[in-house]
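I have a structure here, written as structure tokens, and I will follow up with some questions on it.
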Amino acid sequence: MRKLPNDTVADLAADAPTPSADTAEGPIRRCILSGERDERAHLIRLAISPDGVVAPDVRAKAPGRGAWIGVNRAQLEEAIAKGKLKGALARAFKTGPVTIPDDLPAAIEEALTRALLDRLGLEARSGTLLTGSDRIAETARRGKVEMLLHASDASADGNGKLDQAWRVGSETEGSGNRGIVLPVDRTRLSVALGRDNAVHVALTDHRAAARIDQFLGRLLHFKGEGAEPAPRMTI
């Protein structure tokens with residue numbers, strides 16, 4: 001994210017775009033806590049109910065005003081504990097008292113996880129996603145895998161074999177490149193994909209990999225595991 005000179009939280013409009021700073025990738029929004037700005041797709045929108053309760057709106061679909069945050073979970077929890085988030089939201093929404101649920105950070109992480117899994121499910125149904133170690137290994141060796149993902153409880157041995165197949169296919173042996181370990185286990189991944197025992201996932205389409213990259217990067221950043229959207233394992 002880029003730091004705006006002389007920005008203060010008090011003068012940040014909640015949902016106001018910054019037309020002069022919009023990019024080809026999408027509109028720019030400011031984080032109400034840090035004052036930094038970034039593409040909307042990299043940030044998390046917070047919405048408010050009619051009775052003033054704040055909730056995550058990670059798909060940016062809720063009606064009315066919204067406020068955007070780009071901090072990670074630990075930073076958000078600190079801002080809540082110190083009262084900074086409540087003050088920033090009150091200034092952003094300008095609708096009266098604001099209630100922040102105790103589980104807001106957990107709710108945001110869960111919403112981001114669901115959004116990622118839903119996107120993976122859509123890719124599975126569109127035919128851009130492969131499961132099954134043998135199929136993935138064969139496809140990877142032919143240089144046809146754009147992104148390689150592993151469930152959180154996949155074995156190190158299984159991960160290593162597919163990572164090696166990917167490196168062979170991409171002619172990057174010795175580079176140490178490897179797939180990304182998802183923050184979900186095989187049970188939840190299987191349910192999302194509608195497939196039995198989905199432990200490893202390969203994206204075979206560049207655009208599909210870019211879409212997953214966006215959802216995964218935002219989740220990992222919020223969890224404090226990456227400052228930017230996750231790097232795509234392309235070949």
Side-chain angles (χ1 to χ4, degrees), residues 1-4 7 9 12-48 54-76 79 85 88-89 92-93 104-126 128-129 146-149 180-184 192 201 203-234:
M1 290 192 236
R2 300 176 294 282
K3 184 72 175 179
L4 286 177
D7 272 347
V9 172
L12 298 179
D15 240 353
T18 310
S20 62
D22 283 1
T23 69
E25 288 74 22
I28 297 296
R29 296 291 185 268
R30 293 187 182 96
C31 171
I32 63 170
L33 289 173
S34 69
E36 295 181 0
R37 66 181 185 177
D38 202 350
E39 294 166 20
R40 195 177 81 161
H42 296 167
L43 303 177
I44 299 164
R45 187 176 189 262
L46 299 178
I48 189 169
V54 177
D57 178 29
V58 300
R59 301 177 196 271
K61 298 292 187 182
R65 293 178 66 84
W68 298 83
I69 59 172
V71 297
N72 62 34
R73 180 168 176 168
Q75 293 167 332
L76 177 61
L85 179 63
L89 288 172
F93 288 120
L104 180 63
I108 291 173
E109 185 170 324
E110 175 58 22
L112 291 170
T113 302
R114 287 200 309 270
L116 169 63
L117 291 173
D118 289 347
R119 185 70 248 178
L120 285 168
L122 289 173
E123 300 301 343
R125 292 190 287 276
S126 68
T128 61
L129 180 152
E146 289 283 342
M147 188 178 214
L148 179 61
L149 306 170
I180 300 168
V181 177
L182 294 167
V184 293
V201 172
L203 279 301
T204 58
D205 177 79
H206 179 78
R207 289 172 296 181
R211 290 189 290 266
I212 296 302
D213 182 43
Q214 177 178 305
F215 284 90
L216 178 57
R218 197 165 50 147
L219 171 59
L220 292 179
H221 171 66
F222 185 71
K223 288 172 65 66
E225 298 175 11
E228 298 293 339
R232 194 158 64 251
M233 309 305 289
T234 55

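In this text the structure is predicted, and so the values were computed from the model without any measurement.
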- prompt: Are the side chains of L112 and I44 in touch, meaning some heavy atoms are under 4.5 Å apart?
  reply: yes
All side-chain contact (heavy atoms from CB on, under 4.5 Å) counterparts of T128, not counting sequence neighbours: E123, S126, L203, D205, A208
- prompt: Within the distance-only criterion (no hydrogens, no angle test), does the side chain of R45 pair as donor or acceptor with the backbone N or O of A62 below 3.5 angstrom?
  reply: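 Checked: pair present.
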Heavy-atom closest contact (V71 atom, C31 atom, distance): CG1-SG, 4.1 Å
query: For the residue pair W68 and A60, what are the closest heavy atoms and their distance?
result: CH2-CB, 3.9 Å
field: Non-hydrogen atoms of H221 and G70 that approach each other most closely
entry: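 Reported closest heavy-atom pair: NE2-O, 2.7 Å.
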query: Of the non-hydrogen atoms in A92 and R65, which two are nearest, and what is the gap between them?
result: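 Taking every non-hydrogen atom into account, O-NH2, 3.0 Å.
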- request: Check A67 against L89 and note the closest heavy-atom contact, atom names and distance.
  value: CB-CD2, 3.9 Å
query: Roughly how far, to the nearest 0.5 Å, is the CD1 atom of I69 from the CZ atom of R29?
result: 15.0 Å
message: The test is side-chain contact (heavy atoms from CB on, under 4.5 Å); show your working for M147 and I212 and say whether it passes.
response: CA-CA 9 Å; M147 188 178 214; I212 296 302; 3.8 Å; yes
- request: Measure the CD1-NZ distance between I108 and K223 for me, rounded to the nearest 0.5 Å.
  value: 13.0 Å
- prompt: Given side chains that start at C-beta, do those of V58 and E110 come closer than 4.5 Å, heavy atoms only?
  reply: no
All side-chain hydrogen bond (donor to acceptor under 3.5 Å, both in side chains) counterparts of R73, not counting sequence neighbours: E77, E109
message: For a quick test of reading the model, state the closest non-hydrogen atom pair linking P56 to L46 and the distance between them.
response: CA-CD2, 4.1 Å
query: Does some side-chain heavy atom of L149 sit less than 4.5 Å from a side-chain heavy atom of V181?
result: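 Side-chain contact under 4.5 Å: no.
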query: Could you go step by step and tell me if L182 and L116 meet the side-chain contact (heavy atoms from CB on, under 4.5 Å) rule?
result: CA-CA 10 Å; L182 294 167; L116 169 63; 4.2 Å; yes
message: Distance check, rounded to the nearest 0.5 Å: H42 atom NE2 versus Q214 atom CD?
response: 6.0 Å
message: Any heavy-atom pair between the side chains of L85 and I32 that's under 4.5 Å?
response: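 Contact flag for I32/L85 side chains = yes.
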message: When you compare the side chain of L33 with that of L76, does any pair of heavy atoms fall below 4.5 Å?
response: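 The answer is yes, as the side chains (C-beta and beyond) meet within the 4.5 Å cut-off.
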Within-4.5 Å side-chain heavy-atom neighbours: R119 and L216: no
- prompt: Any sub-3.5 Å donor-acceptor pair from R218's side-chain atoms to L43's backbone N or O?
  reply: yes
